[in-house]
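Residue numbers start from 1 in every chain, and the chains themselves are labelled A, B, ... in the order their sequence lines are given, proteins ahead of strands.
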Amino acid sequence: MFTSSLFAQYQKGFNCFIALLTTYKLEIIFMLKEAGQYDAKSLEQNIHKFWDEIDAYSKVREQRIKGPKFFFVDGPPYTTGRIHLGTAWNKIIKDSILRYRSMKGFNVLDRAGWDMHGLPIEVKVEGVLGFKSKKDIEKYGVENFVAKCKEFALSHRDEMTLQFQNLGVWLNWHDPYMTLRDEYIEAAWWTLKKAHEKKLLEKGLRVVNWCPRCETAIADSEVEYSEVSDPSVYIKFPVVGQENTFIVIWTTTPWTIPANIAVAVHPSFEYVKVRAVKNGKEEFLIVAQELLKNVLKQGRYQEHEILETILGEDLKIAYKAPLGHKVPKQNEFSHNVYLADFVTAENTGCVHIAPGHGIDDFELGMKHKLPIFCPVGPDGKYTEEAGQYKGMNVKEANKTIINDLTESGLMLASGKITHRYGNCWRCKTPIIYLATEQWFLRITDIKDKMLDEIKKVKWYPDWAGSARFADWVKGSRDWCISRQRYWGIPIPVWVCDFCGEVEVMGTMEELKSRSGVKELTDLHRPYVDNIHIKCSKCEQRMSRVPDVFDVWFDSAVASWATLNYPRDEKTIKEWWPADFITEGHDQTRGWFYSQMGASMVSFGKAPYKSVLMHGFTLDTEGKKMSKSLGNVVSPDEVINKLGAESLRLYVLSQNAPWDDLKFGWDEVGTVNRMLNILWNVYRFPLPYMILDNFNPVDVNEKLDSLPLRLEDKWILSRVQSLIKKVEVSMSEYNLHKATRPISEFILEDLSRWYIQLIRPRTWREANDPDKLAAYYTLYEVLVALTKVMAPFAPHISEEMYGNLVRNIHPDALQSVHMCNWQPAKEKFIDTELEKRMDIIREIVEASSNARQKLKRKLRWPVKRIVVSSKNEIVNEAVLSLESVLKEQTNAKKIVSLKTGETWDQLGVEVLPNHAALGPAFKKDAGKVIAELKTADGRAIKKSMLETGSFELKAGVITADMVTFKDLIPPAIASAVFSAGEVYVDTELTREIEAEGYSREVIRRIQDMRKELDLAVEEEIKATVEIKDDRVAVLVFEKKDFIAQEVRARSLEIGPEVEVEGDLVKDWDVEDVKMRIGIGR
RNA sequence: GGGCCCGUAGCUUAGCCAGGUGGAGCGCUCGGCUGAUAACCGAGAGGUCUUGCGUUCAAAUCGCAACGGGCCCA
């Protein structure tokens, strides 16, 4: 035992204690400790503190340094705001898988990552500084602005790190990769240089999504769609050479009409030329036949006449620019009709084409070498080229243009439409399409190779790659990587001011040596903006293009940037490509894609070997969680209410990882309850074990030498089977299938069954082998459980391990996470036994069902339980596990019938078959039926089975004339289970009544003990008055038994007892009045 | 409009790949237990398996279509 001074030393520190141990050569000083109620929050905090103190994470990683390598790349969360449930789920998945891998002996590399550049942060900082446009930033100074952005990113990283750590997530938080670091920037630069070398980098005019407020191109992924009201106008373009004839187009962006160059029609649609009359005035219109009705209705024409039908491909006409009088430049272009497959049978079937303002338009323009006319500037205002509209904001110009067209009589109809339109996801400004000069990666050139690489990657689930990702890549276009902003990785492209030669700087060193700049401490803007180099072709000055990278390009290089490549050329050879990544399905077009693209450019192969695609977190309704809907649940809220462990197991077990997760508090609560039960299971035996000086260091030998009961062997088998199940599920990253069986094991096998079975054994005071067998078995099971749970529930398993293992073994590993994954011990697995026990449990359930039918409480023993079976295994089960069955059903006797045998105590009711009896016996049928009612059913049934007939007084009946039904005696109830039926005989005997009433008395005294808050071992004096003489005598016979159960040093029972004590209560037991008093 | 995924009891879900009487948990109702006790256990009720068509002796399961939800794209 501990001496108090030793104990104090223990408190001071583990190491100190070890020292003492060695000095004094003490043994068996390590002991289990009792545990209080489950308090998730303080338990988790203590574990976090413990991990910090011993630097558990680093030790675990160091410990496996010789193991097979497992390279994991963390998809970097963007450092803005706080983490949400989806991010939490994401990191919990990562943590569980990496903990599992680590226990399996892998040398895991897992730097946490942070995505810290880009427009979202710029917009936030602009908000804080009250800026409205890029001019404000220029005025404030790019240097100051970038400093603010950096500060913002770093402070948010710190906040978010804490939140992830609160979830118990282990990644390398000490040395995360950050996109704002110079070595990271170099990885991006190096990649672009590679692209340039492979001729995959291209500068070109393209139509891009443009935010007129942010004055930059934005990625498709940065466009957020919402319902808005826009003009819906039908415009008549005057056809050249045909008097009073118009081709009719429809648009929601009248502001693009000044940039109109062409009209597109579908080659295989039928078009009509029609004479249409409105208010007596006639004109000729060209539209798709299918849509004629719509156009006539829109234009309120009263009558019409189809003059001609033309196939789209034959429609060769030219038209006059509708706004030529306002936009002089328009008159320099020729306007014609072209064919395009993207034309749909909607509105008019003729599509207005402005190659400067639409993606399809642009491509059609390129195909036919049309002018890419774009009279709109970066600020969303018309330029000089727009003639009279110059200086006008395009969105505001809609009205003016509609008026102008109406005035010139070209407006066929003008209305409003509500449709989805793209906005800048950060500042909510409606985007416009602009043809601008941008830098591109020619993804279209390497698409086929990418599709081949996708097939080499292992996708979980398979369709994430074969269907979803492949489909996205097939449809992908060249990647616009340039942004006209400030906070990002500067594009390392230098262009010769004189000859236009392009060069890409791959590293800081290269830039320094080419430019002669000695001091360069930061690779951001504005520090690299004014560095010039000498053109290697013409020796003139080269200047950097002012753009920064699309932020998706940052994370795209993560798999080598996290290995500090190209600065460190050695590490990448040992680790790359990544063994595993996992992100949500939104990242199909995001990180899965951007990484694949960048890696194809750099290395010509996929940067990852396997990908787990997970789902999204939705609210209870299945709707997206969003601030505007007010349905956001934060991980912090869940942790505060129910603990991180509950959240972890909830998100892991609720769904298949790839399905979306509908968050529900009730379900998290259920997980929490399960953990509470686990905790109770764990702490329940501790006081007994401690009292008995139980020391399980020799658990392995003891399990071999002690007389284990079948139930002990059963739970040992169950826990080993559980380990196997978890392994199989984890091999396919089926986290739900790994975690659900753990919960089931805890609830069903451990709590509801094994603990109930061994209870009486633990109360036994003698130190007998039977009790020890239960202790050792439970100990073994709990320790195995801590290891199998550790990847998923790292806190509670660490706590249990600390007590069960570290408090016992002086040389134990410090953390459960340092332990190796313990493969299933085959010698314990006995599937036959597991099957038998299943049957016993079914029988117990059925018998409790039967008891309920006759309202007989479990406290009252029953005379016997009879089991009828459909197959042999039931008999084997009942025979081998009879003691378990007897105890759990509280039966005096178990009778097992042979398979197929009916119980001889059952009566048989003979049901006459009138249809057969009538014709056979005619008017004597009545007599036969009357006789059957009182006849010996059993005899008739037996005879029918043996001879097929039976002789009654009234005549001989045959088998077809009767059917049989079992008759259950009144004191017997039955219930069926999957492989048979159970009969519970509740007939009362004197002994059963005595025991039943005694247990009623015991229960009430225990209840009163609790009310008085007595200690378990405290003795009492008890007096029991039972007015009913007969019951009083019955109970009196069990006086010693009762006294022992309630720890009474004196006990009086009788009809005339004077009841006294600290607490006196009246009870009504099954209509028998009792008055009980107890006192110290 | 397109691609992928999902749609089973009031709620959350298993079963679907390999077709043959739909299993759980929560909640609800009733009961039990009282040396895990601000715990625990049992029973019961509750399902047109989103809808329609098809394949088949047989469909929650396979096919087609529609409807609803999610992500992504246009």
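- Every ring-ring contact (aromatic ring centres under 6.0 Å, His included) that His614(A) has, sequence neighbours left out, goes to Trp89(A).
- Using a 4.0 Å heavy-atom distance criterion, Ile755(A) is classed as a base contact.
- Judged as a salt bridge (Lys or Arg N to Asp or Glu O under 4.0 Å), and not counting sequence neighbours, the contacts of Arg1004(A) are Glu1000(A).
- With sequence neighbours excluded, the residues forming a side chain to side chain contact (heavy atoms under 4.5 Å, CB included) with Glu667(A) are Tyr650(A), Gln654(A), listed by chain and number.
- Under the salt bridge (Lys or Arg N to Asp or Glu O under 4.0 Å) criterion, Lys725(A) pairs with no residue at all, not counting sequence neighbours.
- Under the side chain to side chain contact (heavy atoms under 4.5 Å, CB included) criterion, Ala467(A) pairs with Trp463(A), sequence neighbours left out.
- Cation-pi geometry between Arg759(A) and Phe684(A) is met: the NZ or CZ atom falls under 6.0 Å from the ring centre, inside 45° of the normal.
- Within 4.0 Å (heavy atoms only), Gln756(A) reaches at least one base atom of the nucleic acid.
- To the nearest whole angstrom, the two P atoms, one in rA24(B) and one in rA45(B), are 12 Å apart.
- Between rA43(B) and rC33(B), the distance separating the two C1' atoms is 14 Å to the nearest Å.
- Here Tyr688(A) lies in heavy-atom contact (under 4.0 Å) with sugar-phosphate atoms only.
- Phosphate proximity of rA36(B) to Arg759(A): present, with a side-chain N or O under 4.0 Å from OP1 or OP2.
- With P as the reference atom, rU61(B) and rC53(B) are 13 Å apart, rounded to whole Å.
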Given pairs defined as Watson-Crick or G-U wobble with both distances under 3.5 Å, what dot-bracket annotation applies to RNA chain B, with ( ) intrastrand, [ ] crossing, | other strand and . unpaired?
(((((((..((((......[..)))).(((((.......))))).....(((((..]....)))))))))))).
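- For the pair Arg683(A) and Asp586(A), nearest-nucleotide mapping onto RNA chain B gives the more 5' position to Arg683(A).
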Produce the list of close N/O pairs, under 3.5 Å, pairing protein atoms with atoms of nucleotides 26-30 of chain B; give distances to one decimal.
unit_1, atom_1, unit_2, atom_2, d
rC26(B), OP1, Arg673(A), NH2, 3.0

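- Rounded to whole Å, the separation between the P atoms of rG25(B) and rU21(B) comes to 22 Å.
- Judged by closest nucleotide on RNA chain B, Arg1003(A) is the one of Arg1003(A) and Asp360(A) placed further toward the 5' end.
- Distance noted for atom P between rC16(B) and rG54(B): 26 Å (whole Å).
- For Asp749(A), the salt bridge (Lys or Arg N to Asp or Glu O under 4.0 Å) partners two or more places apart in sequence, or in a different chain, are Arg718(A), Arg841(A).
- Considering only residues two or more places apart in sequence or on other chains, Arg1003(A) meets the side chain to side chain contact (heavy atoms under 4.5 Å, CB included) condition with Arg859(A), Asp1007(A).
- With sequence neighbours excluded, the residues forming a salt bridge (Lys or Arg N to Asp or Glu O under 4.0 Å) with Lys641(A) are Glu637(A), listed by chain and number.
- The C1' atoms of rC28(B) and rG10(B) are separated by 9 Å, rounded to the nearest whole Å.
- Between the side chains of Ser646(A) and Asn672(A), at least one donor-acceptor pair of N or O atoms lies under 3.5 Å.
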Dump every N/O contact between nucleotides 13-15 of chain B and the protein below 3.5 Å, one line per pair.
unit_1, atom_1, unit_2, atom_2, d
rU13(B), OP1, Asn655(A), ND2, 3.4

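- Applying the side chain to side chain contact (heavy atoms under 4.5 Å, CB included) rule to Glu645(A) yields the partners Tyr38(A), Glu44(A), Arg648(A), Leu675(A), Ala793(A), Pro794(A), His795(A), Ile796(A); only residues at least two apart in sequence or on another chain are considered.
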